[in-house]
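Everything below concerns the one structure shown next.
Just so we're clear, the structure is a prediction, and the values are computed from it rather than from any experiment. In what follows, every chain begins at residue 1, and chains take the letters A, B, ... in the order their sequences are listed.
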Amino acid sequence: MPELPEVETVRRGLAPVMEGARFTRVELNRPDLRLPLPKDFVQRLEGETVTGLGRRAKYLLADLSSGDVLMMHLGMSGSFRVAQEAYEQVREETPGAYYHERSTARAHDHVVFHMSSGARITFNDPRRFGLMLLVPRAELNEHRLMKEVGPEPLGNAFAADMLARACAHKKTSLKAALSDQKVVAGLGNIYVCEALHRALLSPKRSAATLATRSGQPTPRAEKLVTAIKDVLHDAIRAGGSSLRDHRRTDGELGDFQHNFRVYDREGKPCPTRGCRGKIKRIVQGGRSTFFCPVCQR
DNA sequence: AGTGGGACCTGTCCGC
DNA sequence: TGCGGACAGGTCCCAC
């Protein structure tokens, strides 16, 4: 599911119920996701307060009062839902009383956080490509999953010269280079296709053509950086994209899928003004690429 | 060292 | 209706 705009949308949904709140109880319904969960996962969370909820690349990062960081990744199919559990709070305060559980657990609800804010936060992930890890804050940047991650595309540091340098000696396509988290963090299949279309660049073009022989950015590197920033901003503003069952934490759908120009639009007319092309689907690196062979060069 | 391909999972959809 | 195959928003590991 989730690329940078979706993860950022999730972060914004979780922050109000997590930041400043304490984990009162943590339920683990299986021992592993993509990786084994730490054996002391529950003990290291319960009683801790979330001091801040951030994002790096496609990772959500919850800073804890203990000094640990809870790293969370949604993989392909992970999602968080927030519900209020006022009844359960009342039940804790008045032992012996009986209250109905308000929610029904769904299949693949692997982790449940009960927060002192009264929120119940449920992580659901059918394919289990997601992960949760606990890492001491001081070690986060050197963690094997983090240390190679490239620049944040919405940060000021991400600019044409940086992108050109990262691509200058690559033998791969633009599609593969932009999908590589070491080159730029947070893009995935959808937003790579969308950014390349906005920049009118072919996904098949050699990534090295973003730089001159001396490694300087070409005008197409400038255009591409602008396109990446624009499409990510637009998507975040729309609450991300909702394909299949992907939802925001409040259960509402994101809207950006209605603004796709090429993704999953094989055979449709190219939306570029004045272009008479039709969107084509090809396979690169085993994944679908959508693009207009007429205006994307 | 960089690159492509397969592997990891489950669910859904489409054609027969 | 059932069944097999293709495909899905990610990324890791392993051969070349």
Exercise. Do Val183(A) and Leu163(A) have side chains that get closer than 4.5 Å, going by heavy atoms?
Worked result: yes
Between the protein and nucleotides 3-5 of chain B, list the N/O to N/O atom pairs that are separated by less than 3.5 angstrom.
{"residue": "dT3(B)", "atom": "OP1", "partner": "Lys171(A)", "partner atom": "N", "Å": "2.6"}
{"residue": "dT3(B)", "atom": "OP2", "partner": "Lys170(A)", "partner atom": "NZ", "Å": "3.2"}

Exercise. Do Glu222(A) and Arg220(A) meet the salt-bridge criterion of a basic N to acidic O distance under 4.0 Å?
Worked result: no
Problem set entry | Spacing between Met132(A) atom CE and dG10(C) atom P, to the nearest angstrom | 18 Å
Problem set entry | Phosphate OP1/OP2 of dG11(B) contacted by His108(A) side-chain N/O (<4.0 Å) | yes
For this session: Would you jot down, in residue-number order, the residues of residues 223-236 of chain A having a non-hydrogen atom under 4.0 Å from DNA chain C?
Result: none
Name the pairs: protein N/O against N/O of nucleotides 12-14 of chain C, kept only if under 3.5 Å.
{"residue": "dC12(C)", "atom": "OP1", "partner": "Arg34(A)", "partner atom": "NH2", "Å": "3.1"}

Problem set entry | Pairing string, 5' to 3', for DNA chain B - Watson-Crick or wobble contacts under 3.5 Å, brackets [ ] where pairs cross, | to another strand | .|||||||.|||||||
Problem set entry | Neighbour count above 12 (heavy atom, 6.0 Å) for Arg297(A) CZ | no
Exercise. What is the distance, rounded to the nearest whole Å, between atom CD of Gln284(A) and atom C1' of dG6(B)?
Worked result: 18 Å
Problem set entry | Sequence-distant partners of Arg55(A), side chain to side chain donor-acceptor pair (under 3.5 Å), two or more places apart | Glu8(A), Glu152(A)
Seminar exercise, completed: Taken to the nearest whole Å, CG/Leu243(A) to P/dG10(C) is 10 Å
Problem set entry | Integer angstrom distance from the P of dG5(C) to that of dA7(B) | 15 Å
Exercise answer: donor-acceptor pairs, residues 275-295 of chain A side-chain atoms, under 3.5 Å, sequence neighbours excluded:
{"residue": "Arg281(A)", "atom": "NE", "partner": "Ser288(A)", "partner atom": "OG", "Å": "2.8"}
{"residue": "Arg281(A)", "atom": "NH2", "partner": "Ser288(A)", "partner atom": "OG", "Å": "2.9"}
{"residue": "Gln284(A)", "atom": "OE1", "partner": "Thr289(A)", "partner atom": "OG1", "Å": "2.7"}
{"residue": "Gln284(A)", "atom": "NE2", "partner": "Pro203(A)", "partner atom": "O", "Å": "3.3"}
{"residue": "Thr289(A)", "atom": "OG1", "partner": "Lys175(A)", "partner atom": "NZ", "Å": "2.7"}

Exercise. Quantified in whole Å, what is the P atom distance between nucleotide dA6(C) and nucleotide dG6(B)?
Worked result: 13 Å
Exercise. Rounding to a whole Å, what distance do you find between Leu74(A):CG and dC8(B):P?
Worked result: 23 Å
Problem set entry | Short side-chain N/O contact from Gln181(A) to OP1 or OP2 of dT11(C), under 4.0 Å | yes
Exercise. Can you check the Arg287(A) CZ to dT11(C) C1' distance for me, whole Å?
Worked result: 9 Å
For this session: Would you please determine if the base of dT11(C) is stacked by Phe129(A), with stacking meaning a centroid separation under 5.5 angstrom and planes under 30 degrees?
Result: no
Exercise. Does Arg128(A) make a side-chain N or O approach to OP1 or OP2 of dG10(C) shorter than 4.0 Å?
Worked result: no
Exercise. Do the charged groups of Asp32(A) and Arg30(A) touch, with an N to O distance under 4.0 Å?
Worked result: yes
Exercise. Between atom NE2 in His110(A) and atom P in dC9(B), what is the gap in whole Å?
Worked result: 12 Å
For this session: Could you state the atom-to-atom distance from CG of Asn189(A) to C1' of dC7(C) in whole Å?
Result: 12 Å
Exercise. So His73(A) and Tyr59(A), would you call those rings parallel, tilted or perpendicular, with 30° and 60° as cut-offs?
Worked result: perpendicular
Exercise. In this structure, are over 12 heavy atoms from other groups packed under 6.0 Å from Lys204(A) atom NZ?
Worked result: no
Exercise. Is Leu200(A) reachable from Ile228(A) through a run of I, L, V, M, F, W or Y residues, each pair having side-chain heavy atoms under 4.5 Å apart?
Worked result: no
Exercise. Hey, does Ser179(A) reach any base, or is it just sugar-phosphate, or nothing, if we go heavy atoms under 4.0 Å?
Worked result: nothing
For this session: Nearest whole angstrom, please: distance from the C1' of dG10(C) to the OH of Tyr191(A).
Result: 15 Å
Exercise. Same cluster for Val42(A) and Ile121(A) if Ile/Leu/Val/Met/Phe/Trp/Tyr side chains link at under 4.5 Å?
Worked result: yes
Exercise. Got a salt bridge between Arg237(A) and Asp234(A), using NZ or NE/NH1/NH2 to carboxylate O under 4.0 Å?
Worked result: yes
For this session: Check whether Leu140(A) and Leu37(A) end up in the same hydrophobic cluster, where Ile, Leu, Val, Met, Phe, Trp and Tyr are linked by side-chain heavy atoms less than 4.5 Å apart.
Result: no
For this session: With the side chain counted from C-beta on, respond yes when Gln84(A) and Val17(A) share a heavy-atom pair under 4.5 Å apart, and no when they do not.
Result: yes
For this session: Flag yes if Val112(A) and Leu60(A) sit in one hydrophobic cluster, no otherwise; membership is Ile, Leu, Val, Met, Phe, Trp, Tyr, and two members link when side-chain heavy atoms are under 4.5 Å apart.
Result: no
For this session: For Thr51(A) and Asp63(A), test the side chains for any donor-to-acceptor distance below 3.5 angstrom and give the result as yes or no.
Result: no
